[in-house]
Amino acid sequence: MATFLARLGRFAARRRLVVVIAWVAVFAGLTGILAVNGMGETADDSIPDSRASLALDRMNEEFPSGGSPEGAQTLQLVFHPDAGAVTDPAVAQEIRSVLDEAASLPGVQSVSDPLDPESPSVSPDQTLAISTLTYVGLDEEQQETSYAAALDLQESAPAELGVELGGNLVPLGAPEQGVGEMIGVLAAFLVLLLTFGTLRAAGANLLTAAFGVGVGLVGVFAYGSITPIGENSIILAAMLGLAVGIDYGLFVLSRFQHELRGGRTVDEAIGRATGTAGTAVVFAGATVIVALVALMVADIGFISVMGFAAALAVLIAVLLSLTLLPVLLKTMGLKALPKKHRRALAEGRIWTEGATGKRGFLSRWGATVVKHPVLALVGGAAVLVTVAIPVLSMKTAFHVPGGADPASTERAAYNLVLDELGGVQSPLIVLAEGDDVAADAGAVEEALSALPGVQMVTPAEISASGDVARVTVIPTGGPIDDSTKDLVHTIRDHEDSMVDGVRLEVTGETAIGIDQDAALNTALIKYVIVIVLISMALLVLMFRSILIPVIATAGYLLSVLASFGASTAVFQWGWEFPLITAAQGDPMMSLLPILLVGVLFGLAMDYQVFLVSRIKEMHDRGMAPKDAIVEGFSRAAPVLVAAASIMTVVFAGFASSSFAIAASIAFGLMIGIVADAFIVRMILMPAALSLLGKAAWWIPAWLDKALPRIDSEGHALQDTVHEPQPQPELVRP
């Protein structure tokens, strides 16, 4: 493979115009598809074949919706006076005064009177009243104007009425770019500049990654113009495409600089870089692509689409690093090096990392870890386990009721109603089917009322066909409370035995959310198992070792658990963290763990392959195990640290967003990267290799013969290109 990739890199360097035109044609073609078909529809991140969803379809067949006008939206004014009942004359007069003002708000079609004796909306203890504001046919601009006016009314209402505004007319949108995101991008560029020592090389790396993200997103949108895709598919494709795009470019470009400093010509350096670092890029990329496509094992439509979209972004990043990046390398030539290195080459000197001579901090760090492996292994693992402990109490929810911000008036209104009236805002709907369901309806109501977690059961409605009865069950808790989940499971566990001759099924938004959350948690378990198997198999193929893949995979799982644990502590428990400005105190989004697992796996494979392939390269040259670890570590660590630092600062910038979903994703990735790169790869991996010694590279003879050989170290290239031996940092040839 190394020989083929070296030829590919040299071909791209010689045929720069052809390569550029080809990529422009790809971009134009995808843009053309998008222009012809349009943006297409956005798919819901839902699971249409869940039990609750199928029951909802059945209910809609038997009970066609009537009532609300098309396009109707509602808000709720929730009154909770500081003192007295809402029916007290003085309090009631103030409430009606607020309702009179509400009737004149822009866009309001009707305002319900909660104190109307014919249709009261008052809690049993008369401490709470709920008025519904109905809007019809609002466009996006009108939604924002109307909601802002309703908020002004809620804030200006007499404080003693305790008015909160429930609901939200404005749909949840994408987060706005803030100062933190811009600082993160600038910090990433600064890290690249410090790594390469030249603006040209740093710019080439970012340019390739940015173009890759652009092509990948246009490709995803083009696919979305044919079949609906979800917003999370786009987020994952963009995030992972940017991450691996920067990493892959960094690996190839840093190897190119290394070869130039070793005295090679530009063309030879391009061939060597694409043949060696390019092989690591191909292997890491292939591992990630296979793992992302494996999301289909979850058997959830939108999850599979997410995997395919992200896999496309990774594939484009790999191809660009092997074709377009060599074009830029050839264009820069020796100017890809800092001035002092170019000056040294002009004076007939070469600059290479050597096995002797002055060592930098990272070289000394690697040597220290190898010298004290037990201390390093125990200490690093202890840190990760400690950070991961909160995962034991991690909770997830497909949708958090009452709005995204626990401190908002929307959430306050929701909680007031929940405390006084139970889960009336998120009821369960129970469908009862039987031979004589009308006669059995009373028994069904009685049986449901007796279940724990039930606050109230409404009288059954009988369908026009007479085959189905619909019973609304008000739980005592909210839709994500354990008591509500237990109630759903209890009804299902006794669906055929609760009432003789009647079969029960649960549906409604609450039951659908419970099913979706459970399905995603099950999908996560399946996905982690698949990723572990894929990781083990491909790393055995790459490194021809049994124990290295085991250690690498265990380290990855520790970093993922640390990411989950830190996210739980900050976003669920509400622990303060300097970067976080988003709302805290809610369960994590059900989709977040799968997103974190997928993206972190991609980055972990990058770091693992790049680090250990350099160690293996030194080992294959005949170095003793510990010497190979130190030498390989000293060569790979600067690039690995740069790559991880870039991703850390970029995600840290996004973690400062006030948009809770974006902040939680970015924070989880930031912690995962720090854990994997700086603890697992920089401490645990060299320490474990040091303890294992030669056993680290053991593989059964029969398996060694059966596996195809992947020349990630570029041994085949030595037949055609001179390979310099390790020398002091700056020597005369």
Q | Verdict with reasoning, L192 to I646, per side-chain contact (heavy atoms from CB on, under 4.5 Å) | A | CA-CA 8 Å; L192 284 174; I646 290 168; 3.2 Å; yes

**Q.** Atom of L520, atom of I300 and distance for their closest heavy-atom approach
**A.** CD2-CD1, 4.2 Å

Q. Under the side-chain contact (heavy atoms from CB on, under 4.5 Å) criterion, do I548 and L689 qualify, and how do the steps go?
A. CA-CA 8 Å; I548 287 178; L689 291 177; 3.6 Å; yes

Q: Taking all non-hydrogen atoms of both residues into account, name the closest pair between A6 and T274 and its distance.
A: CA-OG1, 3.5 Å

Q | Distance in Å, R261 CZ paired with L334 CG, rounded so as to fall on 0.5 Å steps | A | 12.0 Å

Q.
Is there a side-chain contact (heavy atoms from CB on, under 4.5 Å) between V528 and L557? Walk through the geometry before answering.
A. CA-CA 9 Å; V528 169; L557 292 176; 4.0 Å; yes

**Q.** From F610 atom CZ to F283 atom CZ, the distance as rounded to the nearest 0.5 Å
**A.** 15.5 Å

Q) Can you tell me if S545 uses its side chain to pair, donor with acceptor, with the backbone of A696 under 3.5 Å? A) yes

Q) Does the salt bridge (Lys or Arg N to Asp or Glu O under 4.0 Å) test come out yes or no for E268 and R272, once each step is laid out? A) CA-CA 6 Å; E268 287 179 335; R272 287 287 302 180; over 6 Å; no

Q) Can we say D267 and R14 salt-bridge, meaning some charged N sits less than 4.0 Å from an Asp/Glu carboxylate O? A) no

Q | Separation of I531 CD1 from T553 OG1 (nearest 0.5 Å) | A | 10.0 Å

Q) With distance as the sole test, does Q257 use its side chain to make a donor-acceptor pair with the main-chain N or O of F196 at under 3.5 Å? A) yes

Q | M647 side, atom CE; L250 side, atom CG - distance, nearest 0.5 Å | A | 9.5 Å

Q. Does a side-chain heavy-atom distance below 4.5 Å link F678 with S645?
A. yes

Q: Flag yes if more than 12 heavy atoms outside F211 fall under 6.0 Å of its CZ atom; otherwise flag no.
A: yes

Q.
I'd like to check M605 versus S535 (side-chain heavy atoms, cut-off strictly below 4.5 Å). Are they in contact?
A. yes

Q: Would you check if T198 and K339 make a side-chain contact, meaning some heavy-atom pair closer than 4.5 Å?
A: no

Q.
Does any part of the side chain of I683, heavy atoms only, come nearer than 4.5 Å to the side chain of W365, both counted from C-beta?
A. yes

Q | W697 atom CH2: more than 12 heavy-atom contacts under 6.0 Å | A | yes

Q) Which heavy atom of G285 sits nearest a heavy atom of V314, and at what distance? A) O-CG1, 3.9 Å

Q: Please tell me if the side chains of Y607 and M685 come closer than 4.5 Å, counting only heavy atoms from C-beta onward.
A: no

Q. Do the charged groups of E631 and K616 touch, with an N to O distance under 4.0 Å?
A. no

**Q.** Residue pair I229, Y223: steps toward the side-chain contact (heavy atoms from CB on, under 4.5 Å) verdict
**A.** CA-CA 8 Å; I229 58 174; Y223 175 74; 3.7 Å; yes

Q. So which heavy atom on F256 is nearest to which on A273, and how close?
A. N-CB, 3.7 Å

Q. So, the side chain of R10 versus the backbone of G271: is there a donor-acceptor pair under 3.5 Å, distance only?
A. no

Q. Got a second to check how far T287's OG1 is from F601's CZ, nearest 0.5 Å?
A. 6.0 Å

Q: Taking R544 for its side chain and I699 for its backbone only, find out whether a donor-acceptor pair lies under 3.5 Å.
A: no

(Q) Using a 6.0 Å cut-off, check whether atom CE of M332 has over 12 heavy atoms from anything other than its own residue. (A) yes

Q. Just by distance, with hydrogens left out, do Y248 and D606 show a side-chain donor and acceptor under 3.5 Å apart?
A. yes

Q: Would you mind reporting whether L295 and S304 have side-chain heavy atoms less than 4.5 Å apart?
A: no

Q) Is the side chain of S563 donor-acceptor paired with the backbone N or O of G668 at a distance under 3.5 Å, no angle test? A) yes

Q: Provide the closest heavy-atom pair for V266 versus L329 in the form atom of the first, atom of the second, distance.
A: CG1-O, 4.4 Å

Q.
What I'd like to find out is whether the side chain of M296 reaches to under 4.5 Å of the side chain of I303, using heavy atoms alone.
A. no

Q. If you look at every heavy atom in V540 and L707, which pair is closest and at what distance?
A. CG1-CD1, 3.8 Å

Q: Have a look at Y556 and tell me which of L600, V532, V680 forms a side chain to side chain contact (heavy atoms under 4.5 Å, CB included) with it.
A: L600

Q: Kindly compute the distance separating CG (L193) from CG (L186), expressed to the nearest 0.5 Å.
A: 12.0 Å

Q | Under 3.5 Å: donor-acceptor pair, side chain of Y527, backbone of A291 | A | yes

Q | S559 side chain reached by I679 side chain, heavy atoms, under 4.5 Å | A | no

